**Student:** 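Pasting in a structure now, in structure tokens, and then I'll have a few things to ask.
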Amino acid sequence: MSLVKLVDLPNLGDNRSGFVVIESTQSIPFEIKRLYYIFNTSGDKPRGFHAHIDLKQIAVCVKGSCRFILDDGFHKEEFILSSPTQGLMIESLTWHEMHDFSEDCVLFVLANRHYDEDDYIRNYDDFLRFVKNKAGEWVCS
Ligand code: TYD
């Protein structure tokens, strides 16, 4: 199963402009509790390098582009996000990195929980241990 799950954000625009509407629990499959955005980026300054225990997020590159690495501890996939009408789902327990930001990149991220530092796993080896233990529990139960 692919780690790259895309959410279609239809463009309601016309000859005046592009126009995308995002509604909590409608186009986005969860209740949006938080939104943040990344801007003034540069290609040699990647971000991310963590996973969340429970948080689900959807990233939308409303301008420019960046390359995502998604990793569930068993598989790793890359995806270049470059369309304001495409959301990339970042599931919980998915190590994610954002690389190669274009200079004009504006990356919006929608999240289903408020900020909680305790929900982060910031060390890759801890992440691997966490997901592999969890998979072991699942096999045993
Ligand atoms: P972080 O999620 O760690 O991003 P990155 O891994 O790309 O550096 O966020 C950077 C800092 O901002 C970190 O100290 C936590 C803080 N932060 C908040 O206070 N609230 C938030 O909603 C987010 C996403 C981050």
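Remember, it's 1-based here, ligands and their atoms both numbered in the order they're listed. Keep in mind that this is a model prediction, so the values were computed, not measured.
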**Student:** Going through the distances and angles, do F68 and T94 end up as a side-chain contact (heavy atoms from CB on, under 4.5 Å)?
**Tutor:** CA-CA 11 Å; F68 267 80; T94 304; over 6 Å; no

**Student:** Do H75 and E77 get their side chains close enough for a donor-acceptor pair, meaning under 3.5 Å?
**Tutor:** no

**Student:** Nearest protein heavy-atom contact for atom 15 (C) of ligand 1: which residue, which atom, what distance?
**Tutor:** Y115 OH, 3.3 Å

**Student:** My understanding is that only one of L3, L6, L70, I69 makes a side-chain contact (heavy atoms from CB on, under 4.5 Å) with F79; could you say which?
**Tutor:** L6

**Student:** Atoms of ligand 1 less than 4.0 Å from R34 heavy atoms?
**Tutor:** 21 (C), 22 (O), 23 (C), 24 (C)

**Student:** Considering only protein heavy atoms, determine whether one is less than 4.0 Å from atom 22 (O) of ligand 1.
**Tutor:** yes

**Student:** Where is the tightest heavy-atom contact between S82 and S65, given as atom of each residue plus distance?
**Tutor:** CB-CB, 3.7 Å

**Student:** Return the residue, atom name and 0.1 Å-rounded distance of the protein heavy atom closest to atom 10 (C) of ligand 1.
**Tutor:** R47 NH2, 3.6 Å

**Student:** Hey, is Y36 one of the residues with a heavy atom under 4.0 angstrom from ligand 1?
**Tutor:** yes

**Student:** I need the nearest protein heavy-atom contact for atom 13 (C) of ligand 1: residue, atom name and distance, please.
**Tutor:** R122 NH2, 4.1 Å

**Student:** Is there at least one pair of N or O atoms, one from F49 and one from ligand 1, spaced under 3.5 Å apart?
**Tutor:** no

**Student:** Considering the options D72, V131, D71, which one meets the side-chain contact (heavy atoms from CB on, under 4.5 Å) requirement together with L93?
**Tutor:** V131

**Student:** Indicate the atoms forming the closest heavy-atom contact of F49 with H99, along with that distance.
**Tutor:** CZ-CE1, 3.7 Å

**Student:** Do ligand 1 and H50 have nitrogen or oxygen atoms that lie under 3.5 Å from each other?
**Tutor:** yes

**Student:** For atom 1 (P) of ligand 1, find the nearest protein heavy atom and state the residue, atom name and distance (0.1 Å precision).
**Tutor:** Y120 OH, 3.7 Å

**Student:** Can you tell me if Y37 has over 12 outside heavy atoms packed within less than 6.0 Å of its OH?
**Tutor:** no

**Student:** Between R122 and E117, is there a salt bridge with N-O shorter than 4.0 Å?
**Tutor:** yes

**Student:** Can you report which non-hydrogen protein atom sits closest to atom 6 (O) of ligand 1, along with the distance?
**Tutor:** G48 O, 2.8 Å

**Student:** Please verify whether a non-hydrogen atom of M98 lies at under 4.0 Å from ligand 1.
**Tutor:** no

